[in-house]
Amino acid sequence: MKQYIVDAFTDKPFSGNPAAVCVMDSWPSEESMMKLAMENNLSETAFIVKEPEGYHLRWFTPGYEVELCGHATLASAFVILNCVEPESPSVSFDTLSGRLTVKRAGDLYEMDFPTYDLKEIPVTDDMEKAFGVRPVKAVLGLDLVCVFESEEQVRDMRPDQDLLMKIEGRLQNATARGKDVDCVSRSFCPKVAIAEDPVCGSAHCQIADYWSQVLGKKTIEAYQASKRGGYLRCELRDNGRIAISGKAVLVAVSEIMAEL
């Protein structure tokens, strides 16, 4: 079985968000997929099987199977459209979040993702203690999105992972208005065994939606201000979905020798 390592939301190796992508003829056990995800120790390992109705895609962190992952979807589409079906203009995946389609858009790969209802919730002392800085606003969808006064606060924060575990949301995101882009953010994920996701596509289903409403713009240029960093172009659609686009680069191809 081949495994590809792809850096997503970047065109430079060793930046953006790395994902492992496994293209398989049939499904191994969930235990085997979980063990390989733990072995890779990346934020996501994607598993793809071509079934009669099309490609089926699943995502595993080192601790859990998740229902949506942006960067590993981008990485998976990159592998299919460059290594498996290089003549195809797009690819669709059946996932726990429904059918997700990714198409070529110039030098970008454009993903069609769902959005989530966002509700404003009270800013709490627990949030301030967890992030180390008090948010000015908090909204909750699938994940928690906390809004801060400045880009510097987001870039410099050193949150307490144990305290993040105790506040709302699947992920805990910090965001602020950007100086050179519409928004900057960071995504912390201790509840799924990841301290910080370098560039989180699924979080931007909510982060970009929030800033679209605040700024009155359909298209949001976003930067994830992790140590690796990465750029996302997010366009809110009238049908309640969001197009998230980014670049990707192949870093390595390996062969899994262990029996799964």
Side-chain angles (χ1 to χ4, degrees), residues 9 17 43 61 63-64 66-71 97 113-227 229-232 234-237 240-242 244:
F9 296 115
N17 200 352
S43 58
T61 76
Y64 304 91
V66 296
E67 64 185 49
L68 182 65
C69 178
H71 85 279
S97 291
F113 271 17
T115 55
Y116 299 89
D117 291 333
L118 300 176
K119 64 176 182 179
E120 186 171 357
I121 61 174
V123 171
T124 65
D125 292 341
D126 288 340
M127 293 177 188
E128 181 178 4
K129 291 175 183 177
F131 286 106
V133 185
R134 190 170 187 85
V136 297
K137 192 173 184 178
V139 295
L140 183 65
L142 176 64
D143 305 323
L144 177 65
V145 179
C146 285
V147 183
F148 292 86
E149 288 184 355
S150 70
E151 177 176 326
E152 288 76 17
Q153 287 179 335
V154 173
R155 288 179 176 272
D156 295 342
M157 67 175 47
R158 299 292 183 268
D160 185 311
Q161 296 287 323
D162 291 333
L163 295 180
L164 287 174
M165 291 278 287
K166 299 176 182 179
I167 61 177
E168 296 89 339
R170 178 196 63 154
L171 313 182
Q172 292 73 45
N173 302 287
T175 187
R177 283 287 305 270
K179 296 178 179 178
D180 301 318
V181 292
D182 293 310
C183 65
V184 297
S185 62
R186 292 173 67 189
S187 297
F188 306 103
C189 325
K191 292 182 182 180
V192 292
I194 304 165
E196 181 173 0
D197 199 14
V199 191
C200 187
S202 65
H204 280 79
C205 296
Q206 299 148 95
I207 295 169
D209 190 3
Y210 169 81
W211 286 111
S212 174
Q213 296 175 38
V214 170
L215 301 177
K217 300 174 63 175
K218 289 288 188 181
T219 301
I220 297 295
E221 301 291 342
Y223 180 71
Q224 192 109 46
S226 66
K227 184 177 181 179
Y231 289 91
L232 311 90
C234 309
E235 182 180 348
L236 276 295
R237 299 286 171 79
R241 295 179 70 83
I242 183 171
I244 298 180

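Worth knowing before you read on, the calculation uses all heavy atoms, side chains too, and leaves out hydrogens, waters and symmetry mates.
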Main chain of [Y], side chain of [X]: is a donor-acceptor contact present, judged purely on distance under 3.5 Å?
{"X": "Ser187", "Y": "Cys200", "answer": "no"}
{"X": "Thr61", "Y": "Ser43", "answer": "no"}
{"X": "Arg158", "Y": "Asp156", "answer": "yes"}

Would you compute the distance between atom [atom1] of [X] and atom [atom2] of [Y] and round it to the nearest 0.5 angstrom?
{"X": "Cys234", "Y": "His204", "atom1": "SG", "atom2": "NE2", "value": "5.5 Å"}
{"X": "Gln224", "Y": "Asn17", "atom1": "CD", "atom2": "CG", "value": "8.0 Å"}
{"X": "Arg177", "Y": "Leu215", "atom1": "CZ", "atom2": "CG", "value": "5.0 Å"}
{"X": "Leu144", "Y": "Glu168", "atom1": "CG", "atom2": "CD", "value": "6.0 Å"}
{"X": "Cys205", "Y": "Asp143", "atom1": "SG", "atom2": "CG", "value": "9.0 Å"}
{"X": "Lys129", "Y": "Ile167", "atom1": "NZ", "atom2": "CD1", "value": "12.0 Å"}

Report yes if some heavy atom in the side chain of [X] is under 4.5 Å from a heavy atom in the side chain of [Y]; otherwise report no.
{"X": "Tyr116", "Y": "Pro114", "result": "yes"}
{"X": "Ile220", "Y": "Tyr210", "result": "no"}
{"X": "Gln153", "Y": "Val136", "result": "no"}
{"X": "Arg170", "Y": "Leu142", "result": "yes"}
{"X": "Lys191", "Y": "Gln172", "result": "yes"}

Nearest atoms (heavy-atom pairs only) where [X] meets [Y]:
{"X": "Trp211", "Y": "Ala176", "value": "CZ2-C, 3.5 Å"}
{"X": "Ala174", "Y": "Phe131", "value": "CB-CE2, 4.1 Å"}
{"X": "Glu196", "Y": "Ser226", "value": "OE2-CB, 3.5 Å"}
{"X": "Pro190", "Y": "Gln161", "value": "CB-OE1, 3.3 Å"}
{"X": "Gly201", "Y": "Ile244", "value": "O-CD1, 3.3 Å"}
{"X": "Cys183", "Y": "Thr175", "value": "CB-OG1, 4.1 Å"}

CA sep, side-chain torsions, deciding dist, call: Leu171, Asp197, side chain to side chain contact (heavy atoms under 4.5 Å, CB included): CA-CA 9 Å; Leu171 313 182; Asp197 199 14; 5.6 Å; no
Plane angle bin for Tyr223 and Tyr231 - parallel if under 30°, tilted between 30 and 60°, otherwise perpendicular: tilted
Residues Asp209, Leu236; criterion side chain to side chain contact (heavy atoms under 4.5 Å, CB included); working and verdict: CA-CA 7 Å; Asp209 190 3; Leu236 276 295; 4.0 Å; yes
Intermediate values then yes/no, side chain to side chain contact (heavy atoms under 4.5 Å, CB included), Arg134 and Glu149: CA-CA 9 Å; Arg134 190 170 187 85; Glu149 288 184 355; over 6 Å; no
Partners passing salt bridge (Lys or Arg N to Asp or Glu O under 4.0 Å) against Lys179 (at least two apart in sequence or in another chain): Glu152
Partners meeting salt bridge (Lys or Arg N to Asp or Glu O under 4.0 Å) with Lys217 (sequence neighbours left out): Asp182
Exercise: do Ser185 and Asn173 side chains pair donor with acceptor under 3.5 Å: no
Qualifying residues under side-chain contact (heavy atoms from CB on, under 4.5 Å), relative to Asp160, sequence neighbours excluded: Asp162, Leu163
Check against side chain to side chain contact (heavy atoms under 4.5 Å, CB included), Phe188 and Met157: CA-CA 11 Å; Phe188 306 103; Met157 67 175 47; 3.9 Å; yes
